[in-house]
Amino acid sequence: QVQLVESGGGLVQAGDSLRLSCAASGRTFSSYAMGWFRHAPGKEREFITAISRNVGSTYYADSVKGRFTISRNNAKNTVYLQMNSLKPEDTAVYYCAASPVAYSAPSSYRYFGQGTQVTVSS
């Protein structure tokens, strides 16, 4: 089992950047694929990006491709989400998640953090 705690959310203006962090507990962080989901009011939860255990592969949804970058530091048990060129439609609660199976399969994510709010004003 792994416990996840996100940080770094906040209120920014359109065009700004923000970096989210997700700290994981436990000594098996490197055995999990990591991903980020977001949930905006009135919308379904969206699987936006993920990274494989060995940092060799990444996935990005079309909605964030070219603007967001996922990375991880297995030595620090942390995964990051660098968000550039933010838009008002990026406003949501952002959750990091861990999958013991496959980085690219959203249904495989078993563990979620409590979420951090990102609000982008126009």
Side-chain angles (χ1 to χ4, degrees):
Q1 187 171 354
V2 61
Q3 294 182 326
L4 305 170
V5 179
E6 302 95 336
S7 61
L11 172 64
V12 297
Q13 293 185 332
D16 285 351
S17 297
L18 206 58
R19 189 175 86 153
L20 305 183
S21 299
C22 174
S25 65
R27 294 178 291 178
T28 60
F29 176 73
S30 61
S31 67
Y32 291 94
M34 298 299 297
W36 288 91
F37 293 72
R38 67 184 181 186
H39 194 186
K43 297 183 178 179
E44 293 187 356
R45 186 175 67 182
E46 181 183 13
F47 177 54
I48 58 171
T49 183
I51 189 166
S52 61
R53 298 175 184 83
N54 61 3
V55 199
S57 299
T58 56
Y59 160 83
Y60 294 96
D62 288 343
S63 57
V64 305
K65 195 174 297 182
R67 299 187 299 122
F68 290 12
T69 302
I70 189 171
S71 61
R72 66 188 294 167
N73 185 327
N74 287 341
K76 294 185 177 181
N77 283 11
T78 303
V79 62
Y80 305 96
L81 180 62
Q82 177 66 42
M83 305 185 293
N84 299 329
S85 302
L86 282 161
K87 305 174 181 180
E89 51 263 44
D90 293 319
T91 295
V93 178
Y94 284 71
Y95 300 88
C96 74
S99 168
V101 181
Y103 77 99
S104 60
S107 61
S108 71
Y109 284 81
R110 185 178 302 173
Y111 305 105
F112 288 81
Q114 83 290 349
T116 185
Q117 176 71 47
V118 172
T119 303
V120 184
S121 64
S122 58

Report task. Can you measure from CD (E46) to CG (D90) and round to the nearest 0.5 angstrom? Result -> 9.0 Å
Report task. Flag this pair as yes if the NZ/CZ of R45 is under 6.0 angstrom from the six-membered ring centre of Y95 and inside a 45 degree cone about the axis; otherwise no. Result -> no
Requested in this report: Determine yes or no for a side-chain-to-main-chain donor-acceptor pair under 3.5 angstrom, with R53 supplying the side chain and S31 the backbone.
Outcome: yes
Query - Side-chain donor or acceptor of Q3 paired with backbone N/O of S25 under 3.5 Å - result: no
Query raised in the report: Between L18 and F68, does a side chain to side chain contact (heavy atoms under 4.5 Å, CB included) hold up when you go through it step by step?
Result: CA-CA 10 Å; L18 206 58; F68 290 12; over 6 Å; no
Report task. Walk me through it: do Y103 and Y32 pass the test side chain to side chain contact (heavy atoms under 4.5 Å, CB included)? Result -> CA-CA 8 Å; Y103 77 99; Y32 291 94; over 6 Å; no
Report task. With salt bridge (Lys or Arg N to Asp or Glu O under 4.0 Å) as the test, would you mind laying out the steps for K65 and D62 before giving the verdict? Result -> CA-CA 5 Å; K65 195 174 297 182; D62 288 343; 3.3 Å; yes
Report task. Identify the heavy atoms of S17 and Q82 that sit nearest to each other, and give their distance. Result -> CB-NE2, 3.9 Å
Query raised in the report: S122 and A14: which non-hydrogen atoms are nearest, and at how many Å?
Result: CA-CB, 4.4 Å
Query raised in the report: Between Y109 and M34, is there a shared hydrophobic cluster once you connect ILVMFWY residues whose side-chain heavy atoms come closer than 4.5 Å?
Result: no
Query raised in the report: Are V64 and F37 connected in a single hydrophobic cluster, I mean Ile/Leu/Val/Met/Phe/Trp/Tyr linked by side-chain heavy atoms less than 4.5 Å apart?
Result: no
**Report entry** Whether T49 side chain and Y59 backbone form a donor-acceptor pair below 3.5 Å
**Finding:** yes
Query raised in the report: Is any side-chain heavy atom of N73 less than 4.5 Å from a side-chain heavy atom of Y80?
Result: yes
Requested in this report: Using atom types as modelled and distance alone, determine if a side-chain donor or acceptor of S108 lies under 3.5 Å from a backbone N or O of A102.
Outcome: yes
Requested in this report: Could you tell me whether the side chain of E6 and the main chain of Q114 form a donor-acceptor pair under 3.5 Å?
Outcome: yes
Query raised in the report: With distance as the sole test, does R38 use its side chain to make a donor-acceptor pair with the main-chain N or O of V118 at under 3.5 Å?
Result: no
**Report entry** Path from M83 to I48 over hydrophobic side-chain contacts below 4.5 Å
**Finding:** yes
Query raised in the report: Does the side chain of T78 reach to within under 4.5 Å of the side chain of F29, using non-hydrogen atoms?
Result: no
Query raised in the report: Does a side-chain heavy-atom distance below 4.5 Å link V120 with D16?
Result: no
Query - Gap between atom CG of N77 and atom OG of S30 - 0.5 Å precision - result: 8.0 Å
Query raised in the report: Shortest non-hydrogen contact from V93 to G115?
Result: CG1-CA, 3.8 Å
Report task. Indicate yes or no for a side-chain donor-acceptor contact from R110 to the backbone of Q1 under 3.5 Å, with no hydrogens or angles considered. Result -> no
Query - Separation between CG of L11 and CD of Q117, rounded to the nearest 0.5 Å - result: 9.5 Å
Query raised in the report: Is W36 reachable from F112 through a run of hydrophobic residues whose side-chain heavy atoms are each under 4.5 Å from the next?
Result: no
Query raised in the report: Donor-acceptor pair, Y111 side chain versus P100 backbone, under 3.5 Å?
Result: no
**Report entry** Single-linkage hydrophobic cluster L81~F47, side-chain heavy atoms < 4.5 angstrom
**Finding:** no
Query - Under 3.5 Å: donor-acceptor pair, side chain of Y94, backbone of S7 - result: no
Report summary line: Closest heavy-atom pair, L4 versus A24, reported as atoms and distance to 0.1 Å, is CD2-CB, 3.6 Å
Query - Expected output: side-chain Q13 to main-chain S121 donor-acceptor under 3.5 Å - result: no
Query - Between CZ on residue R72 and SG on residue C96, distance to nearest 0.5 Å - result: 11.0 Å
